[in-house]
Chemist: 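Below you will find the structure I want to go over with you.
Values in this document were obtained by computation on a predicted structure and should not be read as measured data. Both counts, for ligands and for their atoms, begin at 1 and track the order of listing.
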Amino acid sequence: MEKTFIMVKPDGVQRNLIGEIVQRFENKGYTLAAGKLMNISKELAEEHYGEHKDKPFFGELVSFITSGPVFAMVWEGEGVIATARKMMGATNPQDAEPGTIRGDFGVQVGMNVIHGSDSPESAEREIGLFFNEDDLVSYEKTISKWV
Ligand code: ABT
Ligand code: MG
């Protein structure tokens with residue numbers, strides 16, 4: 001089954017949005033496969049955001065993502081990678097539609113509440129960066145035939 005990496009960023013944790021965000025993915029019909037509250041090391045941050053290392057905002061990005069705990073998760077379900085991105089909304093919360101997570105809770109592009117993998121390749125890479133294989137729990141929800 002398709003899996004994606006989702007993370008409540010330090011601003012989302014500080015603003016008590018973990019429950020709200022988990023609720024949205026549960027309500028949608030996706031299944032939580034793993035989750036942990038953690039601090040990101042500078043090394044992990046630089047690796048995770050490696051694609052942006054030459055961008056002018058890279059330093060700020062790394063210092064923001066390491067500034068406080070994040071809630072890292074793996075979510076599973078049909079089409080979850082692309083659909084999670086729709087649920088999150090545009091990268092800049094000021095462009096994100098109301099009803100999306102960033103549209104409802106964010107203002108600044110550098111503090112946009114949530115991260116989600118942007119492709120199957122990113123999902124595999126990011127899940128591997130944050131979780132071990134045996135952290136992922138595989139189970140059947142009895143409700144799943146209804147969604
Ligand atoms: P992430 O989920 O954080 O990867 O965001 P998303 O994939 O929607 O957007 P990208 B393009 O990957 O942005 C990565 C982080 O960089 C921040 N950013 C981006 C800026 O601070 N200034 C900018 O001009 C741009 C384009 C937003 C993202 N993260 N945070 N926090
Ligand atoms: Mg990204």
Chemist: Restricting to pairs with a member in residues 58-88, which pass ring pair (Phe, Tyr, Trp, His ring centres under 6.0 Å), not counting sequence neighbours?
Modeler: Phe25-Trp75

Chemist: Could you tell me if the side chain of Lys28 sits less than 4.5 Å from the side chain of Met87, heavy atoms only?
Modeler: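 Answer yes - side chains close enough.
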
Chemist: Does one side chain, of Ser117 or Glu126, offer a donor that lies under 3.5 Å from an acceptor on the other?
Modeler: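 Note: Ser117 and Glu126 side chains meet the donor-acceptor criterion.
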
Chemist: According to ring pair (Phe, Tyr, Trp, His ring centres under 6.0 Å), does anything in residues 128-147 pair up with another residue at least two apart or in another chain? List the pairs.
Modeler: Phe5-Phe130, His48-Phe130

Chemist: Can you list everything that forms a side-chain hydrogen bond (donor to acceptor under 3.5 Å, both in side chains) with Lys86? Sequence neighbours excluded, please.
Modeler: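 None.
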
Chemist: side-chain contact (heavy atoms from CB on, under 4.5 Å), that's the test. Do Arg102 and Thr91 meet it? Break it down for me.
Modeler: CA-CA 8 Å; Arg102 288 164 172 168; Thr91 301; 4.1 Å; yes

Chemist: Can you pull the residues with any heavy atom under 4.0 Å from ligand 1?
Modeler: Lys9, Tyr49, His52, Phe57, Leu61, Phe64, Arg85, Thr91, Arg102, Val109, Gly110, Asn112, Ile114, His115, Gly116

